[in-house]
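Order of the sequence lines fixes the chain letters, A, B, ..., with proteins taken first and strands second; residue numbering starts at 1 for each chain.
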Amino acid sequence: MEVFAFSLFNGILYGMLLFMLASGLTLIFSMMGVLNFAHASFFMLGAYLAYQISAYVGFWPGLVVAPLIVGVIGAAVERWGLRPVHKFGHVAELLFTFGLAFVIEEVVQLIWGKVPMPYDIPASMNFAAFSWQGLDYSAYRLFMLVISVAIFAALFLFIAKTRIGLIIQAALTQPNIVSALGHDVPRIFMWTFGFGCALAGLAGVIGGNVLGTEPAMAITLGPIVFVVIVIGGLGSLWGALVAALFIGIVDNLAISYDLSFYPLFAVFGVERDVTGIMQDLVRLTTASIAPVLPYFLLVLILIVRPRGLFGTRDV
Amino acid sequence: MAGLARRSGIWLAAVAVVLVLPWIFSSGFAITTLNQMGVLIIFSLAYNMLLGQGGMLSFGHAVYFGLAGYSVAHVLNGIGAGTLPYVPVSLLPLVGGLVGLLFGIPIGFVSTRRAGTVFAMISLGFAEMMTALTLILIVFFNGEEGVQTDRWAGPEPFGITYGPDIQVYYLIAAWCLLATLAMYALTHTPFGRMSNAVRDNPERLQFVGYSTHRVRWLAFALSSFFAGMAGALHALNVEHVGFETVGVGQSGLVLFMVWIGGARAFIGPIFGAVVIAFLNSNLSGITEAWLLYLGILFMVTVMFAQGGLSGLILMHESIWKTDVRLFRPMVRPYALGIGATIVACLGAIGLIELIYFMSTRSTRDTGTSLYSVPVDAASLLPWLVCAGVAALGAEACRRAYRPMAASYADAIETVKAGAAR
């Protein structure tokens with residue numbers, strides 16, 4: 001029971017981190033049609049900047065400053081990099097962000113090197129918040145959960161209640177009409193892009209010290225975020241939330257329970273010490289297939305329901 | 001008849017070049033590089049059937065390359081151990097192609113319903129899935145170690161053992177020429193034209209009554225076939241297939257080659273594969289920052305040269321076909337523009353190399369060499385010089401590009417006026 005509770009808790013936490021990335025990505029995608037391949041790279045930049053800032057002045061200033069810097073970098077990339085490419089179409093924009101992800105990874109290695117950075121949990125948060133049935137739960141993880149839920153609530157209030165939020169909602173579906181009404185759509189694009197990148201950066205700040213701050217962190221997380229927005233339905237924030245939580249929880253449950261698939265094969269009379277191709281299948285456990293699960297879900301959803309869980313348009 | 005002679009002339013010239021190359025560049029290093037080029041040319045051309053001709057951007061085409069490579073490595077090992085019937089080693093690229101086709105048909109079916117961003121995302125999903133599977137299905141993929149093989153297997157027809165690299169060179173060259181010819185011929189078939197039409201105007205094609213899904217699917221399957229062929233030759237060439245061959249990294253590399261070479265012209269991917277394979281084997285030993293330069297070059301071509309390097313050259317085609325003398329007024333502005341670009345790049349590269357040196361050095365010694373000039377990276381002078389050269393070059397570029405574009409526009413104007421007359 002306590003294993004279930006803890007992995008559920010960790011799953012929600014991982015899911016909320018995924019959602020912080022996926023919400024920005026899906027906002028950018030549904031508004032501009034640009035799949036930002038470099039989105040996870042901004043997440044990585046956030047983690048590295050937070051590490052650098054925390055090395056000088058501590059964790060708390062970094063929590064505010066690092067996402068701001070990442071947001072400004074994102075807005076600048078949109079203004080001077082993406083906007084000139086816009087006229088060549090979405091494929092060119094996607095190519096641009098692919099190149100950008102590649103270059104950011106190389107630049108990070110150029111500045112910080114290839115080894116993981118010792119970006120640690122702040123000392124003031126490094127204690128057990130509560131203990132249940134002999135298992136400790138760290139205060140920092142609780143803090144991460146609070147931050148991500150707060151961000152999520154703020155994002156929904158911002159989009160549903162404020163004037164800018166309404167314009168963004170309108171620009172999601174009808175950018176031409178919004179432009180005709182006199183709003184500066186390119187500028188909305190720029191700030192949305194910057195805002196999405198800042199959210200990714202914030203996820204990097206609070207997630208980098210738990211997931212590990214290293215040059216490969218972008219390329220391992222990025223594709224999973226794409227899976228989240230496709231499964232949730234492109235352009236749907238609720239869908240992104242549900243899909244992110246689902247993937248986070250399934251991933252954590254699969255790893256902590258580590259069930260073997262052997263009983264499934266035993267039904268067909270397969271021996272446990274079989275050799276050859278079957279050997280791998282017999283040895284499969286839920287933990288070993290956890291890395292491919294999101295991609296199986298992706299393929300499944302594309303075959304069964306191409307518009308995703310909550311999407312309104314087909315992929 | 002004259003047209004046929006000229007067209008076959010190009011192919012005969014290509015055959016001659018391919019036959020002569022290993023005599024000119026005969027060192028072991030050069031042969032290795034040439035072999036890689038041959039493999040990458042097939043892979044790039046296969047990739048361009050999707051990107052350039054079909055309008056499908058894939059981040060996962062290495063899946064077919066890598067799976068074919070693994071399969072051929074296992075077939076070779078089976079032949080060597082006597083557990084599989086003998087297949088002539090020279091024909092293994094066909095086996096690889098069939099493996100590519102085998103996977104390309106079902107995966108293509110689910111992923112080609114739409115092109116553009118969605119197709120790209122699905123291809124990425126499959127690439128990630130395959131990379132994860134290489135670490136799960138140990139019997140076939142052998143985890144992080146990959147599969148080792150020995151191409152010297154079975155009987156030796158005509159004394160060809162494929163022991164020495166030069167024999168593999170001629171094998172790769174022969175298949176490369178065949179595959180290039182086949183893919184070129186495909187672009188002239190009705191299917192090739194339909195593929196272009198699906199890229200340019202899918203809606204209209206559906207109105208006419210074609211299924212865009214089926215055209216894309218066929219293009220995808222054929223492209224997977226040739227990618228598999230390239231993967232088989234890769235396995236024969238290096239005698240090892242690792243998990244990185246199916247991953248996003250390998251797919252990204254072929255994307256870079258095709259795009260930088262130019263996706264719009266048939267020659268573009270060949271050009272890109274040759275240039276990047278050459279730079280890769282020569283520069284990766286000199287500078288650690290080589291991949292950064294590659295990425296920046298890619299981004300620059302996306303922003304400013306949609307046709308890639310071959311596009312930049314081919315945009316002058318109509319000028320030299322009309323009258324070579326039209327180039328005369330262009331020489332000076334072009335020389336200035338290109339010169340300014342080189343100066344700016346030299347400065348920027350110097351700065352990047354200095355940063356790289358400072359962040360990766362393992363000792364306290366700050367002495368290094370930049371463009372074979374010994375410098376002390378801890379002093380301010382080399383930084384100032386590099387920054388100054390870069391700024392100077394950037395300013396020169398700003399001034400030189402406009403006359404350059406103007407001289408090009410003048411020449412094109414003259415060509416058009418001549419054509420109208």
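Here the CG-CZ distance, from B/Leu124 to A/Phe98, works out to 8.5 Å after rounding to the nearest 0.5 Å. Note: A/Leu298 CG to B/Glu128 CD = 11.0 Å, rounded to the nearest 0.5 Å. In this structure, CG on A/Leu110 lies 12.0 Å from CG on B/Leu291, to the nearest 0.5 angstrom. Of the inter-residue distances, the one linking B/Thr117 atom OG1 with A/His90 atom NE2 reads 6.5 Å to the nearest 0.5 angstrom. Note that CG of A/Leu293 is 11.0 Å distant from CE of B/Met129, once rounded to the nearest 0.5 Å.
Closest approach of B/Met299 and A/Val103 over heavy atoms only: SD-CG2, 3.6 Å. Taking all atoms of both residues into account, the shortest heavy-atom contact from A/Val91 to B/Gly116 is CG2-CA, 4.1 Å. Minimum heavy-atom separation, B/Met303 to A/Phe96: SD-CE1, 3.5 Å.
For A/Val107, the parts lying near chain B are the backbone and the side chain together; criterion is any non-hydrogen pair under 4.5 Å. Looking at B/Tyr356, both its backbone and its side chain come within 4.5 Å of chain A, counting heavy atoms on both sides. Heavy atoms closer than 4.5 Å to chain B are found in the side chain of A/Phe37, but not in its backbone. Looking at A/Val85, only its side chain comes within 4.5 Å of chain B, counting heavy atoms on both sides. Residue contact with chain B, scored on non-hydrogen atoms closer than 4.5 Å, is absent for A/Ile224. For B/Phe119, no part lies near chain A; criterion is any non-hydrogen pair under 4.5 Å. Looking at B/Ile352, both its backbone and its side chain come within 4.5 Å of chain A, counting heavy atoms on both sides.
Interface remark: of the candidates B/Thr301, B/Leu137, B/Val110, B/Leu137 forms the most heavy-atom pairs closer than 4.5 Å to chain A. Contact count against chain B (heavy-atom pairs under 4.5 Å) is highest for A/Val299 among A/Val227, A/Leu82, A/Val299, A/Val34. With chain B as the partner, the residue from A/Leu100, A/Ile219, A/Ile289 showing the most heavy-atom pairs under 4.5 Å is A/Leu100. Between chain A and the options B/Tyr293, B/Phe298, B/Trp259, the largest number of non-hydrogen pairs under 4.5 Å is found for B/Phe298. Heavy-atom pairs under 4.5 Å with chain B were tallied for A/Pro294, A/Gly113, A/Pro223; the largest tally goes to A/Pro223. For the set B/Leu292, B/Ile355, B/Leu294, B/Leu51, the count of heavy-atom pairs under 4.5 angstrom toward chain A peaks at B/Leu292.
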From CA spacing to verdict: side-chain contact (heavy atoms from CB on, under 4.5 Å), B/Leu255, A/Leu95: CA-CA 9 Å; B/Leu255 166 61; A/Leu95 282 171; 3.6 Å; yes
Begin with the C-alpha distance, continue with both residues' side-chain angles, and end with the deciding distance and a verdict on side-chain contact (heavy atoms from CB on, under 4.5 Å) for A/Leu94 and B/Phe59. CA-CA 11 Å; A/Leu94 183 55; B/Phe59 291 120; 3.9 Å; yes
Could you give me the CA-CA distance, side-chain angles and deciding distance for B/Val302 and A/Phe88, then say whether side-chain contact (heavy atoms from CB on, under 4.5 Å) is met? CA-CA 9 Å; B/Val302 171; A/Phe88 300 124; over 6 Å; no
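Summarising the local packing, CD of B/Gln206 is surrounded by more than 12 heavy atoms from other residues, nucleotides or ligands at distances under 6.0 Å. Summarising the local packing, CZ of A/Phe246 is surrounded by 12 or fewer heavy atoms from other residues, nucleotides or ligands at distances under 6.0 Å.
Considering only residues two or more places apart in sequence or on other chains, A/Tyr257 meets the ring pair (Phe, Tyr, Trp, His ring centres under 6.0 Å) condition with none of them. In this structure, the ring pair (Phe, Tyr, Trp, His ring centres under 6.0 Å) partners of A/Phe19, at least two apart in sequence or on a different chain, are A/Phe152.
Note on ring orientation: taking the six-membered ring where Trp is involved, the planes of B/Phe256 and A/Phe102 are perpendicular (angle over 60°, cut-offs 30° and 60°).
Counting only heavy atoms from C-beta outward, the side chains of A/Val230 and B/Ile122 never approach each other to under 4.5 Å.
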